[in-house]
2 protein chains.
Amino acid sequence: MSDPAPGDGAVPPPPWERSPRRRASPARVPLTRERIVEAAYVVLDREGYDGLSMRQVAAELGVAVSGLYAHVAGKDEVLRLMYERLFEGHELPPPDPANWQEQVKDFAREGRRRLLLHRDMAKISMTHVPFTPELLVHVESLLAIFRVAGLPDTVAAAAGDVLSTFMDGFVHEESMWDERRRDSKAETWEEMRATIKGYFDALPHERFPNIVALSGKLFDESNDARFELALDIILRGLASYIPPGDAPPSR
Amino acid sequence: MSDPAPGDGAVPPPPWERSPRRRASPARVPLTRERIVEAAYVVLDREGYDGLSMRQVAAELGVAVSGLYAHVAGKDEVLRLMYERLFEGHELPPPDPANWQEQVKDFAREGRRRLLLHRDMAKISMTHVPFTPELLVHVESLLAIFRVAGLPDTVAAAAGDVLSTFMDGFVHEESMWDERRRDSKAETWEEMRATIKGYFDALPHERFPNIVALSGKLFDESNDARFELALDIILRGLASYIPPGDAPPSR
DNA sequence: TTCTATCATTGAACAGTGTTCGCCAGCAAG
DNA sequence: CTTGCTGGCGAACACTGTTCAATGATAGAA
């Protein structure tokens with residue numbers, strides 16, 4: 001497109017321009033890890049996780065597949081770099097015992113927001129354990145907030161598990177429904193939701209009374225509302241472990 | 001091996017044994033969905049999720065790959081059947097408001113137990129949304145317990161999300177650590193845990209004071225203890241939504 | 001018993017995948 | 001201008017899931 005091959009209507013470059021052109025051709029931006037990750041994101045958004053192949057990434061860059069392996073150990077490393085770049089610049093504020101709950105919620109909200117930035121990103125996120133040096137600062141900050149808030153150490157340690165598995169799992173479920181919507185003929189989310197609700201409403205009342213009764217609550221609520229509510233459930237549970245008198249949420 | 005081709009030392013079967021032999025050969029158990037799923041489990045346990053291929057399953061059955069497709073739509077269906085069979089017979093007791101929390105915990109414990117029965121099973125579990133008819137009864141039973149306990153409907157709807165994403169996520173993390181252990185030279189879990197703890201202890205104290213301080217709590221605790229604690233966090237959060245006076249956890 | 005029709009099973013093929021290796025063109029240094 | 005070198009290239013390997021024409025053995029009919 002922007003780099004047409006000679007021979008299909010394009011006149012060959014005049015000889016006196018050979019010198020500058022010679023610079024132009026090799027002056028194509030050199031392949032770097034950053035450019036590879038960037039291209040991988042483009043492919044991921046367009047083709048989804050299953051369509052994210054090294055060949056597609058190479059094609060996106062207009063480069064041979066084998067060229068990628070000079071800068072990257074393999075596909076695993078590409079996925080890891082994508083995962084790490086997604087949370088770059090994601091920093092938590094210094095612990096404030098007065099509203100630690102809101103701080104934790106903000107962390108989860110921001111995490112979800114970033115995961116939703118790219119299609120199928122939750123799939124990639126879940127296959128990585130966040131103990132690479134760049135991601136450890138998040139764990140550290142979260143633990144700081146928990147401890148300053150007065151949570152016992154064991155609870156603080158477990159809280160990270162609950163929060164991160166929930167965050168990944170929730171977004172993953174969201175993207176699975178979105179994928180299902182893509183596969184079906186439903187164009188809009190509303191249409192898809194109506195289809196699902198119809199399926200649940202059509203279930204035999206006597207065998208699934210509660211599902212039928214809650215079909216509205218299960219899917220009519222927006223994902224944001226369900227996410228917020230679930231966050232609140234988790235944080236209420238955590239708060240219940242703060243010893244009375246220890247940094248009470250007075251304010 | 002057990003079925004040597006004629007011509008390399010094996011004498012051909014005498015003609016008078018042809019009749020019984022003819023029965024023996026076709027008397028091989030016929031291919032069924034059940035046998036395919038069973039073989040898939042064997043391959044999964046031996047090779048892990050990445051080694052679970054249709055060809056391996058076919059080889060396990062001593063059958064051509066293409067033969068599988070006469071009984072199964074494809075690999076996706078095999079994974080779905082495996083997932084559904086894992087939870088076969090997993091039934092919840094009738095709702096008892098007096099100890100609904102223990103009922104919910106038992107559900108999660110049994111779910112984790114089954115997921116741990118087969119290597120990488122959590123990976124398979126997470127890619128499925130439990131809305132197939134066979135699995136809907138679980139959702140139904142859980143909702144029943146939540147509602148009878150007095151949880152508001154919106155909370156009951158969200159509670160299922162929190163619980164299932166946590167269950168899958170926690171076991172998935174467990175199996176990821178186990179996979180990492182397998183890859184490393186560490187044989188036992190204790191050895192692996194020591195390695196991890198050593199890594200955390202070696203972190204710079206000034207940058208990661210909380211991680212260093214909690215390195216013991218993060219990994220010395222057994223997975224069971226962490227799972228139980230996390231369950232308790234979630235259930236305390238849920239319980240906080242029961243309106244006062246509505247089926248109080250007296251006893 | 002002999003023939004036939006049926007259907008489960010097969011082998012080969014196709015279009016992909018991640019990864020490796022030998023080669024070659026173009027650049028910087030001498 | 002020549003030399004050395006290295007980044008990118010093409011081709012290949014060993015896989016993957018899936019399809020399809022052909023085949024083999026079986027059960028039923030004559």
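Just so you know, these numbers use all the heavy atoms, side chains as well, and skip hydrogens, waters and symmetry mates. Lettering follows sequence order; numbering is per chain, from 1.
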Rounded off to whole Å, could you give me the [atom1]-to-[atom2] distance for the [X] and [N] pair?
| X | N | atom1 | atom2 | value |
| --- | --- | --- | --- | --- |
| Asp76(B) | dT18(D) | CG | P | 6 Å |
| Tyr49(A) | dT17(C) | OH | P | 14 Å |
| Asp50(A) | dG17(D) | CG | P | 13 Å |
| Glu77(B) | dG17(D) | CD | P | 15 Å |
| Arg35(A) | dG7(D) | CZ | P | 15 Å |
| Met54(A) | dA12(D) | CE | P | 21 Å |
| Ile36(A) | dG7(D) | CD1 | C1' | 12 Å |

*Who pairs with Arg207(A) by salt bridge (charged side-chain N to carboxylate O under 4.0 Å, His left out), at least two apart in sequence or on another chain?*
none
Verify the distance criterion only: is there a donor paired with an acceptor across the side chains of [X] and [Y] at less than 3.5 Å?
| X | Y | result |
| --- | --- | --- |
| Thr188(B) | Glu190(B) | no |
| Glu84(B) | Thr132(B) | yes |
| Thr165(B) | Glu173(A) | no |

_Does Gly74(B) reach a base, just sugar-phosphate, or nothing at all? Heavy atoms under 4.0 Å._
sugar-phosphate
*Contact class for Val65(B) (heavy atom, under 4.0 Å): base, sugar-phosphate, or nothing?*
base
*Between Phe200(A) and Phe131(B), is the ring centre distance below 6.0 Å?*
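Yes; Phe131(B) has its ring centre under 6.0 Å from that of Phe200(A).
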*Tell me, with the steps shown, if Phe227(A) and Phe166(A) meet ring pair (Phe, Tyr, Trp, His ring centres under 6.0 Å).*
CA-CA 10 Å; Phe227(A) 186 76; Phe166(A) 168 70; 5.6 Å; yes
All N/O pairs under 3.5 Å across the protein-nucleotides 13-16 of chain C interface:
residue: dA13(C); atom: N6; partner: Arg55(B); partner atom: NH2; Å: 3.4

_From the set dT19(C), dG10(D), dT18(D), return the single nucleotide nearest to any side-chain atom of Tyr69(B)._
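Among the listed nucleotides, the one closest to the side chain of Tyr69(B) is dT18(D).
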*Between dG11(C), dC9(D), dT18(D), which one does the side chain of Ala64(B) approach most closely?*
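Per side-chain heavy atoms of Ala64(B), the pick is dG11(C).
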*Under 4.0 Å between a side-chain N/O of His71(A) and OP1 or OP2 of dG7(D), yes or no?*
no
_Tell me every residue that passes side-chain hydrogen bond (donor to acceptor under 3.5 Å, both in side chains) with Arg46(B), counting only those two or more places apart in sequence or in another chain._
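By the side-chain hydrogen bond (donor to acceptor under 3.5 Å, both in side chains) rule, Arg46(B) matches Glu60(B).
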*Assess whether one donor atom and one acceptor atom, taken from the side chain of Ser66(A) and the base of dG10(D), lie less than 3.5 Å apart.*
yes
